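Naming convention: chains lettered A, B, ... in sequence-line order (proteins, then strands); numbering from 1 in each chain. Side chains are part of it too, since the values below use all heavy atoms of this structure and drop only hydrogens, waters and symmetry mates. Everything numeric here is computed off the predicted structure, so don't read it as measured data.
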Amino acid sequence: MVFEINTSIYEKLPRSFYERADVVEIAKDLLGKLLVTETEGVLTIGKIVETEAYCGRGDKACHANEKRTPRTEVMYGPAGCAYVYLCYGIHHLFNVVTNVEGQADAVLIRALEPVYGTEAMRERRNHTKAKLASGPGTLSQAMGIKTNLTGVSLTGESIWITKDSNENAFEILADTRIGVEYAEEDALKPWRFVIAGNTFVSKPVKNKSPANHTGLS
DNA sequence: TCTAAGATGGGT
DNA sequence: CCCATCTTAGAA
């Protein structure tokens with residue numbers, strides 16, 4: 001079955017979606033939505049199947065926790081902008097800035113199920129045998145996301161997330177975030193979210209409990 | 001200036 | 001398990 005491009009992919013989530021105060025809720029809400037990039041004339045689309053929440057206050061895993069540096073300045077800026085940074089000198093990791101200006105929260109997008117433009121993704125990924133966008137670094141490579149997109153608004157024309165949710169209901173599973181062992185007690189926060197049963201997640205979840213009382217409050 | 005470490009990924 | 005690869009933050 002061929003994926004038909006219809007105008008709904010241009011219905012971008014408004015800034016108000018990202019401006020909400022509970023980054024954990026937003027991380028869950030982003031599951032099932034479509035991430036779209038149009039760079040160098042190439043359109044690629046992936047369904048978001050895995051996210052992680054990072055809170056600027058009281059979360060040792062967050063780059064902007066209780067501190068402001070040149071790199072994390074964009075996280076303190078307006079909601080709905082991209083925060084892209086280079087990890088291990090190789091991987092470009094894509095986050096969505098949330099909450100009002102001055103509150104440095106963000107959601108890391110960790111895995112996509114390719115929906116459109118898979119040939120372009122495959123080329124960008126150098127014809128790997130591995131999955132195209134299952135992991136924050138590979139996802140950015142497949143979608144053409146680099147650090148030059150940091151600070152760019154998701155209401156613009158290069159990169160955005162659509163209002164469209166998956167039509168089918170799905171269950172959300174929560175787990176601890178990946179690669180943040182250094183964050184002491186905050187490493188235990190169940191702020192990684194995946195669509196249950198989706199095979200495009202970067203790693204299977206350790207537990208099978210649904211994401212219930214995982215929020216900030 | 002100098003340096004250690006990092007929200008990774010792919011191959012062995 | 002190993003390591004490529006380079007920016008960043010914090011120390012000196």
Side-chain angles (χ1 to χ4, degrees), chain A residues 18 23-24 26-28 30-31 35 46 48-77 81-99 103-114 118 121-152 154 159 161 173-194 199-206 211 214 216:
Chain A
Y18 305 106
V23 65
V24 174
I26 299 173
K28 288 189 262 189
L30 283 170
L31 292 174
L35 174 64
I48 298 171
V49 301
E50 177 177 347
T51 61
E52 281 177 1
Y54 289 86
C55 182
R57 302 158 305 287
D59 176 11
K60 294 194 182 78
C62 181
H63 288 165
N65 182 47
E66 315 288 351
K67 66 176 186 285
R68 226 170 151 135
T69 65
R71 179 178 65 159
T72 60
E73 193 57 30
V74 61
M75 291 179 80
Y76 286 88
C81 291
Y83 165 50
V84 186
Y85 75 97
L86 192 61
C87 186
Y88 293 101
I90 305 170
H91 307 290
H92 301 255
L93 302 216
F94 167 65
N95 300 251
V96 178
V97 174
T98 71
N99 212 333
Q103 302 294 334
D105 299 348
V107 175
L108 172 67
I109 310 299
R110 286 196 52 93
L112 302 175
E113 178 175 335
T118 51
M121 294 186 197
R122 212 179 304 284
E123 273 185 43
R124 285 174 177 151
R125 296 270 289 117
N126 305 314
H127 306 280
T128 178
K129 283 179 260 182
K131 289 208 184 75
L132 292 175
S134 295
T138 62
L139 165 170
S140 293
Q141 191 183 14
M143 299 292 285
I145 298 169
K146 305 207 192 81
T147 50
N148 61 349
L149 285 183
T150 204
V152 167
L154 302 187
I159 179 166
I161 300 172
L173 300 183
D175 199 359
T176 52
R177 294 170 293 181
I178 294 177
V180 297
E181 295 77 13
Y182 60 85
E184 301 167 31
E185 73 273 15
D186 293 327
L188 301 176
K189 288 186 158 107
W191 285 1
R192 172 182 176 229
F193 302 103
V194 306
T199 57
F200 292 89
V201 299
S202 64
K203 287 185 171 122
V205 292
K206 293 194 293 286
T214 50
L216 288 174

(message) Just the rounded figure in Å: distance from C1' of dA7(B) to CE of Met75(A).
(response) 10 Å
(request) Nearest whole angstrom, please: distance from the C1' of dA7(B) to the CG of Asn95(A). (result) 8 Å
(message) Please list all pairs meeting side chain to side chain donor-acceptor pair (under 3.5 Å) that have one or both residues in residues 133-146 of chain A, counting only residues at least two apart or in different chains.
(response) Arg125(A)-Gln141(A)
(request) In whole angstrom, give the distance that lies between atom NE2 of His63(A) and atom C1' of dA5(B). (result) 11 Å
(message) Rounded at 0.5 Å granularity, tell me how far CD in Glu52(A) sits from OG1 in Thr176(A).
(response) 8.5 Å
(message) Using 0.5 Å steps for rounding, measure from the CD1 atom of Ile48(A) to the CD1 atom of Ile109(A).
(response) 4.5 Å
(request) Mind checking the CD-CG spacing from Glu181(A) to Leu188(A)? Nearest 0.5 Å is all I need. (result) 10.5 Å
(request) Starting at CD1 of Ile145(A), measure out to OG1 of Thr150(A) and round the result to the nearest 0.5 Å. (result) 11.0 Å
(request) Kindly indicate whether the side chain of Leu108(A), heavy atoms from C-beta on, has any atom under 4.5 Å from the side chain of Leu93(A). (result) yes
(request) Assign each of Val180(A) and Ala130(A) to its nearest nucleotide of DNA chain B by heavy atoms, then name whichever residue's nucleotide is nearer the 5' end. (result) Val180(A)
(message) Please determine whether a side-chain nitrogen or oxygen atom of Arg125(A) lies at a distance below 4.0 Å from atom OP1 or OP2 of dG10(B).
(response) yes
(request) Specify the separation, in whole Å, of atom CZ of Phe193(A) and atom C1' of dA7(B). (result) 15 Å
(message) If I take atom CZ from residue Phe193(A) and atom CG from residue Leu30(A), how far apart are they, to the nearest 0.5 angstrom?
(response) 11.0 Å
(message) Please report the distance, rounded to the nearest Å, between CZ in Phe94(A) and P in dT8(B).
(response) 17 Å
(message) Return the CD1 to CG distance between Ile161(A) and Leu154(A), rounded to the nearest 0.5 Å.
(response) 5.5 Å
(request) Rounded to the nearest angstrom, tell me the gap between atom CD in Glu184(A) and atom P in dA7(B). (result) 14 Å
(message) Using whole Å, what does the distance between atom P of nucleotide dG6(B) and atom CD of Glu52(A) come to?
(response) 16 Å
(message) Is there a side-chain contact between Lys189(A) and Cys55(A) in this structure, where contact means two heavy atoms from C-beta onward sitting under 4.5 Å apart?
(response) no
(message) Tell me every residue that passes side-chain contact (heavy atoms from CB on, under 4.5 Å) with Ser202(A), counting only those two or more places apart in sequence or in another chain.
(response) Glu50(A), Arg110(A), Ile178(A), Arg192(A)
(request) Would you list the pairs meeting side chain to side chain donor-acceptor pair (under 3.5 Å) in which at least one residue belongs to residues 65-77 of chain A, sequence neighbours left out? (result) Arg68(A)-Glu73(A), Thr69(A)-Thr72(A)
What does the list of N/O pairs under 3.5 Å between the protein and nucleotides 1-8 of chain C look like, with a distance for each?
residue, atom, partner, partner atom, Å
dT5(C), O2, Tyr88(A), O, 2.3

(message) Can you list every stem that DNA chain B is part of, counting only runs of 3 or more consecutive Watson-Crick or G-U wobble pairs with both distances under 3.5 Å?
(response) B:1-6 with C:6-11, B:8-11 with C:1-4
(request) May I have the distance from Leu132(A) (atom CG) to dG10(B) (atom P), rounded to whole angstrom? (result) 10 Å
(message) With a 4.0 Å cutoff (strictly under), does any side-chain N or O of Tyr85(A) reach OP1 or OP2 of dG6(B)?
(response) no
(request) Would you classify Leu108(A) as touching base, sugar-phosphate or nothing, given that sugar-phosphate means primed atoms plus P, OP1 and OP2, and contacts are heavy atoms under 4.0 Å? (result) base
(request) Taking the side chain as every heavy atom from C-beta outward, state whether Arg177(A) and Asp59(A) have any pair of such atoms under 4.5 Å apart. (result) yes
(message) I need the residues from residues 145-152 of chain A with at least one non-hydrogen atom less than 4.0 Å from DNA chain B; give them sorted by number, or say none.
(response) none
